[in-house]
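Data first, discussion second: the structure below is written as structure tokens.
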Amino acid sequence: MPDHILVANWKMNTSSREAELLAEVARRTAVHGVESVLCPPFVWLDRIRQIVEGSRVRVGAQNLHWEAKGAYTGEISGSQLRELCEYVIVGHSERRTLFGESDAIVAKKLHTAAAYGLIPILCVGESVEAREAGKTEEVIGRQVLNAVAYFGGERLLVAYEPIWAIGSGTPATPVQAQAAAGLILRCLETLPGNTDVSVLYGGSVSPSSLAGFLEQPDIDGALVGGASLDAEQYTEMVRIAATITT
Ligand code: 13P
């Protein structure tokens, strides 16, 4: 197990050249003790895989379909992804809110990812309305328990990504993130004891906020959007992740 995990979610950003440059930076900066995972758009997966091959950097996709193949125009299956990458993000809040992914769909995707040997990065997190209504725990608990309903994998990464923190420039506080991480771990006690579970925090993580999250007892890493697209900030975050020991 590495000390810390740093997952870069590029979302629908980067030209092919920008993606290549970022992957080269990731390859150069990868260090022992930090599990660096790049999640580029589908179209660059193969190119990024080639660039980081033989290094410590790993590659992940941002989504998958739950069927192995068939008439699902525009979709990509786990059986296809496993030829290109090792990880896959499942249930990101942008998929849930913009593309109508329900807890039931997320559960199918999580099951499928594991069935194809992919390591899922399950995203959960509450809206600002839910937090203000005192429903944070209820939302996170429901999302986690529903998602793992048929999960049979050996390894699971769960990212706590409060919707109100994503892209806002204002992350959750480390105390808020730790409370959610503790809850997530309690919810996952129902999984078989040999399941390797890690909890990440995501939502406006930057070099200035990363350490505060990694110092929390139940947080193993970060899922980073915007700041992972900036080579300097990314390099700095790898350096920070490598220096913090918990
Ligand atoms: P930002 O780091 O840009 O807030 O995005 C977080 C996120 O959604 C990562 O999956």
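Model, not experiment: these values are computed from the prediction. Order of listing sets the numbers, starting from 1, for every ligand and every atom in it.
Proximity to Leu223 (heavy-atom distance under 4.0 Å) selects the following atoms of ligand 1: 9 (C), 10 (O). Which parts of ligand 1 touch Asn9 is read off a 4.0 Å heavy-atom cut-off, strictly below it: atoms 9 (C), 10 (O). Close approach to Ser204 involves these atoms of ligand 1, each under 4.0 Å from a residue heavy atom: 1 (P), 2 (O), 4 (O).
With hydrogens left out, the protein atom closest to atom 5 (O) of ligand 1 is Lys11 NZ, 3.2 Å, a heavy atom. Shortest contact from atom 7 (C) of ligand 1 to any protein heavy atom: Glu161 OE2, 3.1 Å.
With a 6.0 Å radius and a threshold of 12 heavy atoms from other residues, nucleotides or ligands, Lys135 has its NZ atom at or below the threshold.
Contact of the Val199 side chain with the Asp218 side chain is not registered, since no non-hydrogen atoms from C-beta on lie closer than 4.5 Å.
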Would you check, one step at a time, whether the test salt bridge (charged side-chain N to carboxylate O under 4.0 Å, His left out) holds for Glu20 with Arg17? CA-CA 5 Å; Glu20 286 173 0; Arg17 188 68 197 128; 2.7 Å; yes

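Which of Ala227, Gly225, Gly167 comes nearest to atom 4 (O) of ligand 1 through a heavy atom is settled by distance: it is Gly167.
Counting only distance, with no hydrogens or angles, the side chain of Ser102 and the backbone of Ile105 share a donor-acceptor pair below 3.5 Å. Of the possible polar contacts, one joining the His111 side chain to the Tyr150 backbone as a donor-acceptor pair under 3.5 Å is found.
Using cut-offs of 30° and 60° for the angle between ring planes, the Phe213 and Tyr201 rings count as parallel.
Distances shorter than 4.0 angstrom occur between a heavy atom of Gly203 and an atom of ligand 1.
At under 3.5 Å, a nitrogen or oxygen of Gly226, whether backbone or side chain, sits near a nitrogen or oxygen of ligand 1.
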